[in-house]
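As structure tokens, the structure follows; a few thoughts come after it.
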There are 2 protein chains.
Amino acid sequence: MTDERRKFKRESAEARKEALILATLELVAENGVRGATVRGIAERADVTQGLIRHYFSSKEELIIAAYEHHMNQMTDLTFAPGAAAGSARARLRAFVDGSLTPPVVDPRALALWASFLNKVQNDPQMKETHQRTYAYFRDRLEALIAAALEEAGHPAPAARLRQLAIACNAVIDGLWLEGGALPDAFAAGELVEIGRQSVAAITGLDLEQEAET
Amino acid sequence: MTDERRKFKRESAEARKEALILATLELVAENGVRGATVRGIAERADVTQGLIRHYFSSKEELIIAAYEHHMNQMTDLTFAPGAAAGSARARLRAFVDGSLTPPVVDPRALALWASFLNKVQNDPQMKETHQRTYAYFRDRLEALIAAALEEAGHPAPAARLRQLAIACNAVIDGLWLEGGALPDAFAAGELVEIGRQSVAAITGLDLEQEAET
DNA sequence: CGAGTAATTATGCAAGTGTATAATTTCTCC
DNA sequence: GGAGAAATTATACACTTGCATAATTACTCG
């Protein structure tokens, strides 16, 4: 009954890194960045802690990698549905729908966002990633609104477009936040419905009817 | 040159507790809940760490006290401006203004909210405080919208009122979030302007003109 | 002004933290 | 199937953490 050394299987660097990143995101969502300890992450990834040092030169580096992984995933999830062509109105609607449906609306996604916020404000690299992602979101939304307004024959000047984009982005962010914070407070589809109506009311567009005369 | 024992002044329990709570909020905003160490808090409050134990039986208890202090302060700040009587429309406008102006819109307030979120989701007591505060906000907003609509001669059924309140709350929350996250991205008064316009567009009310025919 | 008491400081401890480094195992390739 | 190299494990260390407890100080009240 000697204490045997642990058996293990060699994995590719990519697979191991991803596994470590996923384990990190789980623990950051549950316990925050400081609560995601190296030992905890290693255990969650079914690996000993020394291995983390082998792939990431510090915990800081792992955290940053996990943050960028998460942000990329959120971006993909939001824009994937609307990538398919169609009228600008349809694409705008798809953007709203994608932003207000799981897995984008999700307690875990909100928890991750909140957990990372502190580091995002302080660490320059993470701050840069954050600002770039945010700008990408809003610019894309602004372009969608501009196209939809033009399509409807109601083009708007740049200054107004900026305000509309900020406002629509805010409703979506706010609904996303509330949906993640109080998952049981809203019926299925309710957030999407309210999101569509609000964006429609703010922009003056009709997002519901599909037919084009 | 003997190491002298530190001089100190006795304070009332209330003053000390408040000082400790304020120091705690500072550190939580800067470093998160786990980053707000007992030693750090004591240093910020210009006190030795043992004193914390004297007033709070555990760090957990201090954190909860700090959270409730912060939530109460935010509530007061939001509703104080609109307490003065006036038309429902004016009170609704005051609510929007107060929610989208410093010190409610503030990087520190956002950082605190984010830092506490994890604990809010897990700790039952903090969860209860959070849900109560959120419900208070939204009910109050819904009542304001209902009154303003009726005042304007456009009463709405309960189901629609609920949706309007959720939507308006979301715009405000979203603008609050973005204003706190990117303080330099918005000109002074811009958030308030966009907030007013959005709430007006969603509800169909005119929040700008003051005169009543 | 002097004793008592509560506020405050000082010190210690066990557990957990990130990181560094040595020891071992698995896999590849000839 | 065996040697070499890289992946993985194991161990150790210095530091921080929350908490407990003893020692001292400042204020109150007679």
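We use all heavy atoms of the structure for the numbers below, so side chains are in, but hydrogens, waters and symmetry mates are not. Numbers restart at 1 for each chain; the letters A, B, ... are given by sequence-line order, proteins then strands. Just so you know, these numbers come straight off a predicted model, no measurement behind them.
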- Task: Go through the steps for A/Glu30 and A/Arg44 under the test salt bridge (charged side-chain N to carboxylate O under 4.0 Å, His left out), then give the verdict.
- Result: CA-CA 12 Å; A/Glu30 293 171 16; A/Arg44 191 67 65 103; 3.1 Å; yes
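By the neighbour-count criterion of 12 heavy atoms within 6.0 Å, atom CD of A/Glu11 is densely surrounded, having more than that number from other residues, nucleotides or ligands.
The nearest whole Å value for the distance from the CD atom in B/Glu14 to the P atom in C/dA7 is 13 Å. Atom CD of B/Glu4 and atom P of D/dA26 are 11 Å apart (whole Å). Distance B/Phe8 CZ to D/dA26 P: 5 Å, rounded to the nearest Å. In this structure, CD of B/Gln49 is placed 11 Å from C1' of D/dA20, rounded to the nearest angstrom. Atom NZ in B/Lys17 sits roughly 11 Å away from atom P in C/dA7 (whole-Å rounding). Rounded to an integer number of Å, the gap from CZ of A/Arg16 to P of D/dA6 is 18 Å. Straight-line distance from the NZ atom of B/Lys9 to the P atom of D/dA26: 13 Å, rounded to whole Å. Here D/dA26 presents its C1' atom at 12 Å from CD of B/Glu11, a figure rounded to the nearest Å.
Side-chain to base pairing of B/Arg5 with D/dA23: one donor and one acceptor N or O lie within less than 3.5 Å of each other. Within 3.5 Å, no donor on the side chain of B/Arg10 pairs with an acceptor on the base of C/dT8, nor the reverse.
Contact check of residues 19-48 of chain A against DNA chain D (heavy atom, cut-off under 4.0 Å) returns A/Arg39, A/Val47, A/Thr48. Within a heavy-atom distance below 4.0 Å of DNA chain D, the residues of residues 52-68 of chain A found are A/His54, A/Tyr55.
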